[in-house]
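For reference, the structure is listed below as structure tokens.
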Amino acid sequence: MASDFIKLSKAKIGDYLVVHSVCGDDLRAQLLELGLTMGSKVKKLYTAPFGDPIAVDIEGFVLSLRKSEADLILVMN
Amino acid sequence: MKVALLGNPNTGKSSIFNLLTGLRQQVGNFAGVTVEKKQGTLKINDVYHQIIDFPGTYSIYPHSEDEKVVYNVLSNKDNTNYPDVCVVVLDASNLRRNLFFFSQIYDLGLPTVMVLNMIDVADRNNITISIDELKKHFPAAEIVTSNARVKLGKNRIIDAIKKTATNNASKTLFIDSLSLATVDDTEQQEKEAEIRFAKIDELLPSFVQHKPHPTKKETWSNKVDKVLTHPFWGYFIFALILMVIFQFIFSFATVPMDFIEEQFGLFSIWIAQTLPDGLFNDLLSKGIIPGIGGVAVFIPQIAILFFFLTVLEETGYMARVVFIMDKLMRPFGLNGKSVVPLISGAACAIPAVMATRTISDWKERMITIMVTPLISCSARIPVYTLLISLVIPNTTVLGFINLQGLVLFGLYALGVVSALGVAFFLKLIIKAKGKKKSYLLMEIPAYKTPRWGNVGITVFEKVKLFILDAGKIILAISIILWALASYGPGDRMEKAVDHIEQVAQENQVDEDTKSDMIASAELENSYIGIMGKFIEPAIAPLGYDWKMGISLITSFAAREIFVGSLATIYSTHDDGGENIPLKQKLLKEKRADGTPVYTLASGVSLLIFYVFAMQCMATMAVVKRETGSWSWTFYQFLLFDVIAYAGAFLSYHLLS
């Protein structure tokens, strides 16, 4: 069922999403500590001009992250 | 008793700090690192306790220099800042993320107070928190609510701190299977985050009721965000705000600045005339008072700049600026957060370099520090305006653009463009520290009206820091320069003065002209005059003579002294205004071969030199402190001055 997961960076604006996993990287601990743990609900809000960085609502607060960081986060609808 | 104030960023932690301490606070650094340490005193039952405001952080495990302080202090009982009580501030409207950090602190086993701040925002968002339920999971903690924006909750927090001493509840930890991981053990940290959030997510429904608004609450803030981050309107509004700020800094600030300058001038004259003649009189009236005046004159601009920056920060707008600028800054090795230092650089590089502390990536921070002094600061304005009015014709181009204004704009643009160019160059040669790639993880806070008390305190602290930091260096150099300008080897100066007396007698010049001539002759024969002549061969290729050389040397205290030095050497007064007598003298100045000294070529050459050259000792001292190394400071000095020399050389030879 791997095809059901997409990278957060590829999700559409306005989509309600559920975090599946955060890929192994130096930033993994930091992303988890911000609450991007498995099952957490996120919503892609808007992007900066040129499509990067992006703003995401994570269970009630807005986080901005670069596309390269959003690439590390797998989500499902 | 030591109280540590902890919490996530954007929870109103600094408001709580101000609420608890009032103005009884001091700003310094944590020992050995350039991380701001705000310390205050808190009065409980007539006993003063120390309260330390720690950097805001999302986790006890550090991801930046700032955050390391929190871990280092809390993981080491022998640390001098190790607290007796932890007060953790939480954003009540966003309990999930805030509880993660709180539970980490709680599990350290220290007496802990949970402050549910921004309880009004939670109310508005229809979030109800059951403190009794919450207390079941954190039995050893005191839990209080507050709304620091309206100064609500001070007594509750103080009572809670008192109660921690007598709290005998079982010290059951929130999660007892975990122990504090080491800084490098990211695997353990990841595991801990997963375990903690799993438990928080499981328990959250038992103490938080969230009834979403029938009409979605976020829409307002979201709509504003869509405009402020719009590809056109976002930049347009940012440009507009910048124009307003610069209008205040460059135009309105001149009123209090002129006033300060005048008052110090009058005070100098008064001292000179009141005290008995001699060394002490000269030291005060020509060294110390102008030196202090040279620092004080920048206070209005710095206060205004930080007023605006703090307001933009407080409202939450600055996060949007970082958001829309990040992609544009990245090709230059900079970060969206580099925008604030670069803007501040237009007033003064010293607070600007300090403002780079928010940039967590080491390489991006270093590049920002290295290029910020290239932004033309306000001390260059008097130099620019004098030289432009001297060598650039006052005509209009294209029918409506004033050529002098255009050149001034061009000099500022040159500063910005070269800052970006140098940043790009440094990006290629500086190696990143560690394997971590540059990243931007930043909370975009909800919009708020600024808390004016906080704004006032921040502006006051920034101005104080500038006076203490830059002030002592500018003052010290002013005194050294005064000494170098007041003394010469042997009886050289006396002889020169005798000669002028004689000439004045023969030509029947009036007293004022005579004293101007004497001042000029004294300066020429002082140590600094000799230094000016000594460097003449080095600066002759740029089109400068020794008189300009003297003025260049004196610029090391602060660039605007250039104008005053020229006025003295050309035996006129720096009238602080239009400088008409000085301009007339400068225009009449001829070289040995009869050609004028101040031509388009030499004037532009000087302007270019002032755009690039690193002349400000106070900036260098701050760069040294913030980079922690002399070599960065030296490379910066070398790089800027090579560009300045080459640029001035080229423009002189192209134009002459």
Side-chain angles (χ1 to χ4, degrees), chain A residues 7-76, chain B residues 8 10 58-61 63 91 93-98 100-101 104 125 127 186-194 196-198 200-201 204 210 218 221-222 225-226 229-232 234-235 319-320 322-328 330 336 434-446:
Chain A
K7 289 175 178 171
L8 177 58
S9 51
K10 298 276 190 297
K12 281 202 294 287
I13 288 179
D15 273 358
Y16 288 88
L17 307 151
V18 174
V19 173
H20 173 259
S21 59
V22 177
C23 297
D25 182 272
D26 302 325
L27 286 174
R28 183 161 189 262
Q30 215 170 332
L31 291 168
L32 290 175
E33 285 169 350
L34 286 165
L36 286 161
T37 49
M38 195 176 90
S40 51
K41 292 184 273 297
V42 300
K43 182 189 178 191
K44 197 164 170 181
L45 294 176
Y46 49 85
T47 70
F50 316 109
D52 189 15
I54 60 175
V56 184
D57 180 299
I58 305 168
E59 304 253 354
F61 82 99
V62 184
L63 182 77
S64 81
L65 63 178
R66 288 180 184 167
K67 250 182 171 170
S68 53
E69 286 124 41
D71 276 342
L72 303 170
I73 301 160
L74 285 184
V75 292
M76 49 196 177
Chain B
N8 286 182
N10 301 308
Y58 296 107
S59 166
I60 196 168
Y61 302 113
H63 304 289
D91 170 359
S93 66
N94 180 18
L95 216 45
R96 179 180 185 264
R97 194 201 66 209
N98 280 266
F100 170 75
F101 179 62
Q104 287 185 318
N125 293 350
I127 295 169
T186 46
E187 213 169 301
Q188 181 63 29
Q189 292 167 17
E190 289 161 13
K191 218 175 92 192
E192 177 173 336
E194 286 171 328
R196 284 189 191 276
F197 271 112
I200 291 167
D201 283 336
L204 210 59
H210 186 191
E218 305 93 57
S221 153
N222 231 328
D225 275 348
K226 292 243 161 75
T229 63
H230 187 271
F232 173 74
Y235 296 116
R320 277 78 181 177
V322 173
F323 186 69
I324 62 170
M325 294 304 288
D326 185 61
K327 180 85 176 174
L328 298 179
R330 248 184 285 165
K435 56 189 164 94
K436 221 170 185 175
K437 277 183 299 182
S438 136
Y439 66 93
L440 180 85
L441 290 174
M442 175 190 63
E443 186 179 351
I444 299 188

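None of these values were measured; they are calculated from a predicted model. Because only heavy atoms are used, hydrogens play no part in the values below, and waters and symmetry mates are left out as well, while side chains stay in.
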Mind checking whether [X] and [Y] have side chains closer than 4.5 Å, heavy atoms only?
X     : Y      : answer
A:E69 : B:L441 : yes
A:R28 : A:L72  : no
A:L17 : A:M76  : no

Out of [options], which one racks up the most heavy-atom pairs below 4.5 Å with chain B?
options             : value
A:L65, A:L63, A:D52 : A:D52
A:I58, A:V56, A:I54 : A:I54
A:P49, A:A29, A:G51 : A:P49
A:S40, A:A48, A:G60 : A:A48

Structural part of [X] lying under 4.5 Å from a heavy atom of chain A:
X      : value
B:R196 : neither
B:Y235 : side chain
B:I200 : neither

Region of A:S64 in contact with chain B, defined by heavy-atom distances below 4.5 Å: both

What option among [options] has the most heavy-atom pairs under 4.5 Å with chain A?
options                        : value
B:D225, B:N8, B:T186, B:N10    : B:D225
B:D201, B:T229, B:I444         : B:I444
B:E192, B:Q189, B:E194         : B:E194
B:R320, B:E187, B:K226, B:R330 : B:R330

Short side-chain to backbone donor-acceptor contact, B:N98 and B:D91, under 3.5 Å: yes

Under 3.5 Å: donor-acceptor pair, side chain of B:K327, backbone of A:F50: no

A:K67/A:D71 ion pair, N-O < 4.0 Å: no

Test ring pair (Phe, Tyr, Trp, His ring centres under 6.0 Å) applied to B:F197 and B:F100, step by step: CA-CA 7 Å; B:F197 271 112; B:F100 170 75; 4.9 Å; yes

Distance-only side-chain donor-acceptor flag, A:R66 / B:S438, under 3.5 Å: yes

